[in-house]
Amino acid sequence: MTDPLPQAPSVDARVVDARLHLLDRQVLDVEGDPVATVDDLEIADLQYGERLPDRPAPTISALISGPILTTRLFGGRTPPGRLQKIGWDLVADLDIVFTLEVKSESLEVTWFERWLASRVIGRIPGGDHDPE
Amino acid sequence: MKAVLGLALGVLTAIGGFVDIGDLVTSSVVGSRFGLTLAWVIIIGVVGICLFAQMSGRVAAISGRATFEIIRERLGARVGFANLVASFLINLMTLTAEVGGIALSLQLATSLQPTLWIPVAAIAVWLVIWRVKFSILENVTGLLGLALIVFAVAVFLLHPDWQSLGGQLLLQSPSQGSETPATYWYFAIALFGSAMTPYEVFFFSSGAVEEHWTRKDLGQSRVNVLVGFPLGALLSIAISVTAAIVLLPHQIQVTSLSQVLLPVAQAGGTIAAIVALLGFVAATFGAALETTLSSGYSLAQYFGWSWGKFRRPAKAARFHLTMIICLVVGAGVLLTGVDPVQITEYSVVFSAIALPLTYLPILIVANDRDYMGDKVNGRVTNFFGLVFLVIIVIASVAAIPLMIISAAGS
Amino acid sequence: MSTIAPRARGRRAALALVLTGVCLGTAGCSQAYSASGRLAQAASDASAQTQTGALTLRLSATHRLPSPATDTALSDAIDKLGQDDSSLTSADVSGGLETARTRILSKVRTGEDLLARARHLTEAGAGQATTDALVRQLQVTAKQLAALQKQLQGSG
């Protein structure tokens, strides 16, 4: 039986293990404010049993956060419509955290935070002031 | 000059901030039942918390990652979540105990029912978190907590028989009066848990991020911890000693906060009692702030929410909502009439049970070059780190069986 | 589209949650176990509370304890004695222990009466002699309770 894995690329790049180095990492926005934690990753489709050399390697298309976490904890599936994604094209940098090139307000994953801020927390006196 | 002042302030705050309701109650209970035969546990506990706090502070300063982010990154979503549930519930229990402690202290100062003080205390804690800057909140409660030095003064005013006290320190006889070995070891674990409460670590590492620590601040933090905490532990021992001198001979086993105060009053009269009461209020209030913040920190860090007191509340909405809910729950539990002293006694034991959950991930990450660069643990730190890992795991595993055998120390 | 994170099998996660709950619940379930053990426990606690009352009264009479603290300490002791009272009253004891229960209970009630008087005295103010007498009575009751506890432990 031949080794199905191709030779590791000898380019000047970093090898990261998706489960170890990408999952459960913090995502920060362009200003360094926390956005979410990477609860899952979306990868471009790859049929089961399909051999890698026959087609280009799968790529990560988005970071997923939010309700999908409960399926990791308790099992089950999230309906595709309820996935909260951050497109991979928005990722600016990957270190021990992800850094995005946009502000967190522009992302769907932060809607609950924004809703709470404008409807509840921001309405309590002092909620919109810096601490003194 | 300014640097010296800053250093002194940090150390003083660490001393005053060390004691909370858990230390007040547990030290006094142990002193009144076992004399000084358990003081060695406080010493081991303080070495442990120094090691642990210093390590988590260093991780936070170098990598910018606070405790629960690390726990999830290292343990994964599921084990991390189980860890979060356990840590969060125990922290909530401690928070309830601290708010109850504020109410009991204010009752001692005014003789008004604690039920009246519970809502006042909870709202005051929330207001301070809502409006006051992190550094001010930490420094003021820490400095006022120094009033507890009156316990150390009281030890001298009571003119104890030093030789017999020293004898108790060395003579490790678990058979004090009618106490059984199971009770002795149960309280050993309680005392260990009160010295090494996990919330102190959430708070310490998140505080490092709040105050934007960097590599430069590591020296200061090391001095704060290595000087401040041991001196704070001396206060804890002093509380134990006063109980051992005054209460033990009368066989008064401490079951309420008012009994903790009596030895100080006997030693130094009204003034000393008032100073001690100020210390009670400052210590419990400071710890209530820390546990409330810790509840927000742990949840926000696990889920990746925006958090921190350096942001305006609307910029960390879920973080602030968590803290509000926790305070409401804590106050609600207290208003059912449960005894805060009993909650405290259980919370310190459960803290000991939960310690490995936070300790191990920190120890692992402190050795990870991806996070720490060249500031990974040295050999000496790792040696002590492993020794304490063993101690912590033993205490954690032994706690529940001992609790059942000794009927929770009764 | 597919995702890479491992999914829970459900049961194990639920089990972990249940275990956490059980751990926290154990706290509520631990009790002193034998009937004589429970009586001894109540006697020893009542003795401690009565001694606390004596100490508090002494400190208050010598102006060493602020009056709100005195009041709180005495009412704490009274509350705790009340708890001992009701746990003794409701204790399910058989034959031989019945006498012990009655004797302990009567001393606990004496202690409650004395502490109520002490509280009244500290509020109204009283002479040195009255206070001293009350302190002595409290101490005697405490010693009797402690003796009863020793007897129970010796026999049981």
Side-chain angles (χ1 to χ4, degrees), chain B residues 32 76-79 81-82 85-86 89-90 93 104 106-114 178 246-247 250-259 261-274 276-277 339 341-342 345-346 349-350 353-354 399-400 403-410, chain C residues 5-9 12-13 15-17 19-24 26-33 37-38 40-41 44-45 47-56 58-60 62-77 79-80 83 139 142-143 145-146 149-150 153:
Chain B
S32 73
R78 262 189 285 164
V79 179
F81 185 75
V85 171
L89 287 179
I90 290 163
M93 198 168 164
L104 290 182
L106 289 172
Q107 184 198 11
L108 276 167
T110 60
S111 85
L112 287 177
Q113 285 300 311
S178 59
V246 175
L247 304 178
H250 294 300
Q251 292 183 310
I252 298 178
Q253 302 187 347
V254 169
T255 48
S256 59
L257 193 61
S258 49
Q259 290 165 320
L261 184 68
L262 296 178
V264 182
Q266 167 147 342
T270 315
I271 307 248
I274 290 171
L277 277 179
D339 182 2
V341 173
Q342 276 188 341
E345 287 180 350
Y346 284 118
V349 175
F350 282 113
I353 294 172
I400 297 252
M403 180 185 270
I404 294 168
I405 297 169
S406 72
S410 62
Chain C
R7 291 275 161 316
R9 292 286 154 81
R12 240 186 307 163
L15 192 70
L17 276 180
L19 275 181
T20 317
V22 169
C23 284
L24 292 171
T26 323
C29 305
S30 43
Q31 288 276 327
Y33 302 108
R38 268 201 298 265
Q41 178 64 37
S44 117
D45 183 61
S47 167
Q49 299 304 334
T50 323
Q51 284 283 12
T52 306
L55 178 59
T56 308
R58 199 153 51 77
L59 292 174
S60 162
T62 49
H63 306 289
R64 296 184 148 257
L65 196 60
S67 63
T70 306
D71 192 53
T72 308
L74 287 176
S75 76
D76 281 348
D79 286 350
K80 292 266 155 56
Q83 284 168 21
Q139 283 167 339
K143 291 218 172 85
L145 279 162
Q149 180 221 348
K150 288 251 161 55
Q153 277 180 336

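Here is the naming used below: chain letters follow the sequence lines, and residue numbers restart at 1 for every chain.
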Heavy-atom closest pair, residues C:Leu65 and B:Ala265: CD1-CB, 3.4 Å

Between C:Ala77 and chain B, with a heavy-atom cut-off of 4.5 Å, which part of the residue counts as in contact: side chain, backbone, both or neither? neither

Heavy atoms of C:Gln51 and B:His250 approach each other most closely as CG-O, 3.4 Å

Of the backbone (N, CA, C, O) and the side chain (C-beta and beyond), which part of B:Leu262 lies under 4.5 Å from a heavy atom of chain C, both, or neither? both

Sort out for me which residue in C:Asp76, C:Thr52, C:Asp79 forms a side chain to side chain contact (heavy atoms under 4.5 Å, CB included) with B:Ser256. C:Asp76

Comparing C:Pro68, C:Ala54, C:Ala146 against chain B, the one with the most heavy-atom pairs below 4.5 Å turns out to be C:Pro68

Tell me, side chain or backbone of B:Ile271 under 4.5 Å from chain C's heavy atoms, or both, or neither? neither

Who wins among B:Val254, B:Thr270, B:Thr110, B:Val264 for the most heavy-atom pairs under 4.5 Å with chain C? B:Thr270

Residues in side chain to side chain contact (heavy atoms under 4.5 Å, CB included) contact with C:Arg64, at least two apart in sequence or another chain: C:Leu59, C:Thr62

Which one wins on heavy-atom pair count under 4.5 Å against chain B: C:Ser67, C:Ala142, C:Ala48? C:Ala48

Can you sort out the partners of C:Asp45 under salt bridge (charged side-chain N to carboxylate O under 4.0 Å, His left out), two or more places apart, ordered by chain and number? none

List the atom of C:Lys80, the atom of B:Asp339, and the distance in Å for their closest heavy-atom pair. NZ-OD2, 3.7 Å

Check: B:Gln266 and C:Leu55 side chains under 4.5 Å, non-hydrogen atoms: yes

Using non-hydrogen atoms and a 4.5 Å limit, figure out which bit of B:Ala272 sits close to chain C: side chain, backbone, both or neither. neither

Does the side chain of C:Leu145 reach to within under 4.5 Å of the side chain of B:Gln251, using non-hydrogen atoms? no

